[in-house]
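Okay, structure first, notes after.
Keep in mind that this is a model prediction, so the values were computed, not measured.
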Amino acid sequence: GIAACDPALAWDEVQHEKRALVSALRQEKYLDVLDAYEGVTLLRGRAALLGGGRVRVGEREVQARNVVVATGTRPAMPPIPGLETVEALDSTTAMELERLPQSLVVLGGGSIGLELGQAFSRFGVRVIVVEAAERILPSETPAVSEVVAHALAGTIATRVERTEEGVRVHVAQGSLTGMVEAERVLVAIGRHPNVEELGLDRAGVRLDARGFVAVDEYMRTSNPRVFAAGDVTGGPGYVYVAALQGGIATQAALADRAPEGAIAIDLGTVPRVTFTDPQVAAVGLSEGDARASGLEPRVATLPVRHLPRALVSHRTTGTITLVSEAGTDRLLGAHLVMANAGDVIGEAVLAIRFGLTARDLVSTLHPYLTWGEGLKLAAQTFTKDVAKLSCCA
């Protein structure tokens, strides 16, 4: 009942709002939190490990019993010839643009590339996504990728050059070659750890094969007095994982004899969310993962069009797929692609972490006309045709 109209788009207002929000969160959730605790001193400057628990911060040297490295990552730039000549954007600089480009080539069809690509598309930017893998969202199941995009050929960027109008990206798909042109290019192919000039070699801290800081389940590095947490360790790159790692690293670093007094990290049920439309959310094992682990999986898939909330909201694109273990009925994985998937995945995380079964989901009351009801309907799909059930049955 709402007439279609072209909305007024004000990129400068979005930028102003974003900067204000980031500034407020940085102050309230970090600086103010530090001030609330006695005995915490914040030093600003570039740091380097000197060995023996010594750290240089700018011109100052401090001594500590233990050290936690939490320097994070930065956007990675692929070694594509010509990329350095076109002022390529990354996930940080793209969100600082003062003016929207008319067109944009996004290198990378993973979560970051699709989230940013769709965001710019909604502001009227013509967006082309280039992905080297056979499908977008390669870390998700093929069924999820297919829902997000019916088809996107595997295309590799081979060279970039500047033109009078903007940039030209040369691409290859098998034996075929071609080019796409746009005003700007955005690189979203991954992250690189911030480890340069930290003095990790001096401190005896080993890096893994990918260049991230290697840690054990207590976030200890190869130097028993140095710990690491967050994206710099190369684990799942989510802020909630970094926060968990930070707590574990701190507990271990403050314990008299680690690991005594510390807890080990458990990343067996890490949820992930891609904020596209429809959203993508997943946790646990896929059918292939389960078989590779020696389990016998059962799979149930619910088309979202059978979810009453989706019908009344006219948001019927997507599926909910549950993976359970044959025999025990224990839930092993959940893969959602639908509106509000990120808000629904939490129930699946708890169910998998605490060994609940599909029958447990079915027997749990779920409010009618909610997105969360989809998990119950998906669990019912293991044994019933939900299209032949009345509401709430």
**Message:** Under the criterion side-chain contact (heavy atoms from CB on, under 4.5 Å), I'd like the reasoning laid out for Thr328 against Thr357: C-alpha separation, chi angles, the key distance, then a yes or no.
**Reply:** CA-CA 8 Å; Thr328 68; Thr357 65; over 6 Å; no

**Asked** Is a side-chain N or O of Asp329 found less than 3.5 angstrom from the main chain of Arg359, in a donor-acceptor match?
**Response** yes

**Item:** Sidechain N-carboxylate O distance under 4.0 Å for Arg19, Glu98
**Value:** yes

**Request:** Kindly compute the distance separating CE (Met77) from CD1 (Ile189), expressed to the nearest 0.5 Å.
**Result:** 8.0 Å

**Request:** Kindly say whether Leu89 contributes a backbone atom to a donor-acceptor pair with the side chain of Thr93 at under 3.5 angstrom?
**Result:** no

**Message:** Looking at Arg272 and Glu140, is any side-chain nitrogen of the basic one under 4.0 Å from a carboxylate oxygen of the acidic one?
**Reply:** yes

**Prompt:** How are the rings of Trp11 and Phe123 set to each other: parallel, tilted or perpendicular (split at 30° and 60°)?
**Reply:** perpendicular

**Item:** Nearest-0.5 Å distance, CZ of residue Arg122 to CG of residue Leu9
**Value:** 12.0 Å

**Request:** Would you mind checking if Arg298 and Glu287 are paired as a salt bridge, meaning a charged N to carboxylate O distance below 4.0 Å?
**Result:** no

**Prompt:** Do the side chain of Ser23 and the main chain of Ala20 share a donor and acceptor less than 3.5 angstrom apart?
**Reply:** no

**Donor-acceptor pair, side chain of Arg202 and main chain of Leu49, under 3.5 angstrom** = yes

**Prompt:** Mind checking what makes side-chain contact (heavy atoms from CB on, under 4.5 Å) contact with Ala264, not counting sequence neighbours?
**Reply:** Glu217, Tyr218

**Prompt:** Going by distance alone, is a donor N or O of one side chain under 3.5 Å from an acceptor N or O of the other, for Thr269 and Arg353?
**Reply:** no

**Item:** Ser286 (side chain) donor-acceptor with Asp289 (main chain) under 3.5 angstrom
**Value:** yes

**Prompt:** Is a side-chain donor or acceptor of Arg126 paired with a backbone partner of Gln102 at a separation under 3.5 angstrom?
**Reply:** no

**Asked** Taking atom CZ of Arg191 and atom CZ of Phe212, what is their separation to the nearest 0.5 Å?
**Response** 9.5 Å

**Stepwise side-chain contact (heavy atoms from CB on, under 4.5 Å) check, Thr316 with Leu311** = CA-CA 6 Å; Thr316 56; Leu311 292 172; 3.9 Å; yes

**Asked** Is the shortest side-chain N to carboxylate O distance from Glu181 to Arg168 below 4.0 Å?
**Response** yes

**Request:** Give me the one residue out of Thr381, Thr141, Thr301 that meets side-chain hydrogen bond (donor to acceptor under 3.5 Å, both in side chains) with Thr321.
**Result:** Thr301

